[in-house]
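Quick notes on the structure that follows.
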Amino acid sequence: MKPDDPLLKILVCPIDKGPLSLLLPDDVLYNPRLRRRYPIVDTIPQLLPSSGEQVTETEHEAILRRLPPDERPSDEP
């Protein structure tokens, strides 16, 4: 999946139905609000709630530094 893939505009988190951020080169979709990441396997996003995994506080902070400001949750710096 590439950052300009139009599919990214319609993919949402299966839990809160909010937008997801593409993290490269990790090839995962990330929900910063719930601090969950979803893998992309063979170009197919795995968006079942059970496919997601919770990230630690340290991982979340590192991921936030990689996200553009407009993709960060409003309560984050």
Side-chain angles (χ1 to χ4, degrees):
M1 186 168 273
K2 297 180 182 174
D4 60 348
D5 192 322
L7 189 59
L8 282 173
K9 293 182 181 175
I10 61 170
L11 290 178
V12 296
C13 174
I15 297 172
D16 75 355
K17 309 301 186 241
L20 297 166
S21 298
L22 177 64
L23 299 178
L24 295 174
D26 306 348
D27 225 16
V28 298
L29 293 168
Y30 186 63
N31 178 339
R33 298 165 309 284
L34 299 180
R35 299 176 184 198
R36 291 182 67 81
R37 68 175 153 223
Y38 297 92
I40 300 172
V41 179
D42 295 327
T43 71
I44 300 169
Q46 307 299 302
L47 293 176
L48 293 173
S50 61
S51 298
E53 68 178 8
Q54 200 74 34
V55 301
T56 66
E57 181 67 28
T58 303
E59 290 174 301
H60 174 69
E61 290 172 8
I63 291 169
L64 284 182
R65 286 192 291 276
R66 295 171 50 193
L67 293 178
D70 64 326
E71 291 186 27
R72 296 178 190 160
S74 57
D75 62 334
E76 299 285 346

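Computed over heavy atoms, backbone and side chain alike; hydrogens, waters and symmetry mates excluded.
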If the condition is side chain to side chain contact (heavy atoms under 4.5 Å, CB included), which residues does Pro25 pass it with, not counting sequence neighbours? Arg66
Between Arg72 and Leu64 (side chain of the first, backbone of the second, donor and acceptor by atom type, cut-off under 3.5 Å), is there such a pair?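 Yes.
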Say whether, by atom type as modelled, one donor and one acceptor occur between the side chain of Asp16 and the main chain of Gly18 under 3.5 angstrom.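 Yes, Asp16 side chain to Gly18 backbone: donor-acceptor pair under 3.5 Å.
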With Gln46, which residues qualify under side chain to side chain donor-acceptor pair (under 3.5 Å), at least two apart? none
Looking only at heavy atoms, what is the nearest atom pair of Leu34 and Asn31, with distance?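 So the two residues come closest at N-OD1, 3.1 Å.
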Distance-only criterion, 3.5 Å: show the donor-acceptor pairs between side-chain atoms of residues 2-14 and protein atoms not counting sequence neighbours.
unit_1, atom_1, unit_2, atom_2, d
Asp5, OD1, Leu7, N, 2.8

Are the side chains of Leu29 and Leu22 in touch, meaning some heavy atoms are under 4.5 Å apart?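 When only atoms from C-beta onward are counted, Leu22 and Leu29 do touch, with a gap below 4.5 Å.
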Do any side-chain atoms of residues 37-44 form donor-acceptor pairs under 3.5 angstrom with protein atoms, and if so which ones, sequence neighbours left out?
unit_1, atom_1, unit_2, atom_2, d
Arg37, NE, Glu53, OE2, 2.5
Arg37, NH2, Glu53, OE2, 2.9
Arg37, NH2, Glu59, OE2, 3.1
Tyr38, OH, Arg36, NE, 3.4

